[in-house]
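Only this structure's heavy atoms are used, side chains among them; waters, hydrogens and symmetry mates stay out. Below, read A as the first sequence line, B as the second, and so on, with proteins coming before strands; counting in each chain starts at 1.
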Amino acid sequence: GAGVSQSPRYKVAKRGQDVALRCDPISGHVSLFWYQQALGQGPEFLTYFQNEAQLDKSGLPSDRFFAERPEGSVSTLKIQRTQQEDSAVYLCASTPLGVNTEAFFGQGTRLTVV
Amino acid sequence: GENVEQHPSTLSVQEGDSAVIKCTYSDSASNYFPWYKQELGKRPQLIIDIRSNVGEKKDQRIAVTLNKTAKHFSLHITETQPEDSAVYFCAASIGDYKLSFGAGTTVTVRA
């Protein structure tokens, strides 16, 4: 595709509900990142994949957050038993290499927990 | 971990004037410093980046300077235009792949 695609664009979840957010990175990009962006703040690192391997999950706020990229392309971020503090924009980004270089971001999924 | 501070949080400039945004970082091992522009409701997009082996980089109306000794870097936009209105984020690398972002600067260019 032309860029990083995320779905859904908007998600409203009731507190306690599980949600799954999808990211389609640019084809052939080795690295994939998930970030959480609270209102009025910069993106905060959640997790990093190199191909299918999750090399860093140090930013995941709790064990309710889980991410996977089983075939090294599409990735899913799952949040179990959502809470109000999970409300944020979840951004996915991909880069062609595994080292610091331009990250291409998706438009994000805005999650609102009510 | 890396802590990136960004100032100012908001900036209003007259069209044609210059805009300057400053960031400081804490990790002396950081070696990659990108700047992203995010328009309302849109994805962040890279506008310029700099690596630690250079002190300045320019791309048309945009320039970035880096002072590794003082651990700060700045974005300069000259001859601002209304389409420059957006939120700008600086970032500093942590290790080989992770980025720590500043809180953002909302730039408004007044016509």
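Enclosure of atom NZ in B:Lys68 by more than 12 non-hydrogen atoms of other residues, nucleotides or ligands within 6.0 angstrom is indicated. Atom CD of A:Glu71 sits in a sparse spot, with 12 or fewer heavy atoms from other residues, nucleotides or ligands closer than 6.0 Å. For A:Glu85, the CD atom sits in a packed shell: over 12 heavy atoms of surrounding residues, nucleotides or ligands are nearer than 6.0 Å. Heavy-atom contacts from other residues, nucleotides or ligands closer than 6.0 Å to CD of A:Glu44 number 12 or fewer. Heavy-atom contacts from other residues, nucleotides or ligands closer than 6.0 Å to CZ of B:Arg61 number more than 12. Open room surrounds CD on B:Glu79; 12 or fewer heavy atoms of other groups in view lie less than 6.0 Å from it.
A chain of hydrophobic side-chain contacts below 4.5 Å, direct or via other Ile, Leu, Val, Met, Phe, Trp or Tyr residues, connects B:Ile48 to B:Ile50. When the side chains of ILVMFWY residues are joined at heavy-atom separations under 4.5 Å, either directly or via intervening members, A:Phe45 and A:Leu91 end up in a single hydrophobic cluster. Under the 4.5 Å side-chain heavy-atom criterion for ILVMFWY residues, no single connected hydrophobic cluster contains both B:Val64 and B:Tyr36. Transitive grouping of hydrophobic side chains (ILVMFWY, heavy atoms separated by less than 4.5 Å) brings B:Ile62 and B:Val54 into a common cluster.
Note: B:Leu99 leads B:Asp49, B:Thr106, B:Leu99 in heavy-atom pairs under 4.5 Å with chain A. Chain B forms more heavy-atom pairs under 4.5 Å with one residue of A:Leu55, A:Asp56, A:Val4, A:Leu97 than with any other, namely A:Asp56.
Interface remark: A:Gln37 contributes side-chain atoms only to the contact with chain B (heavy atom separation under 4.5 Å). When heavy atoms are compared at a cutoff of 4.5 Å, B:Gln6 does not approach chain A at all. Residue A:Ala103 touches chain B through both its backbone and its side chain, counting heavy-atom pairs closer than 4.5 Å. Heavy atoms of B:Pro44 lying under 4.5 Å from chain A belong to its backbone as well as its side chain. Residue A:Arg110 does not touch chain B at all, counting heavy-atom pairs closer than 4.5 Å.
The two residues A:Ser58 and B:Lys98 have their closest heavy-atom pair at OG-NZ, 3.1 Å. The shortest heavy-atom contact between B:Gly95 and A:Asn100 is O-ND2, 3.1 Å. For the pair B:Phe89 and A:Gly42, the tightest heavy-atom approach, listed with the atom from each and the gap, is CE2-CA, 3.3 Å. A pairwise comparison of heavy atoms in B:Arg51 and A:Thr101 identifies NH2-CA, 3.9 Å as the closest pair.
Rounded to the nearest 0.5 angstrom, B:Leu46 CG and A:Phe104 CZ are separated by 8.0 Å. Rounded to the nearest 0.5 angstrom, B:Arg43 CZ and A:Cys92 SG are separated by 10.5 Å.
Taking the six-membered ring for Trp and the full ring otherwise, A:Tyr35 and B:Phe101 have centroids separated by under 6.0 Å.
The aromatic rings of B:Tyr97 and A:Tyr48 lie parallel to each other, with less than 30° between the two planes, well short of the 60° mark.
Residues B:Gln45 and A:Glu102 have side chains that never bring a donor and an acceptor to within less than 3.5 angstrom of each other.
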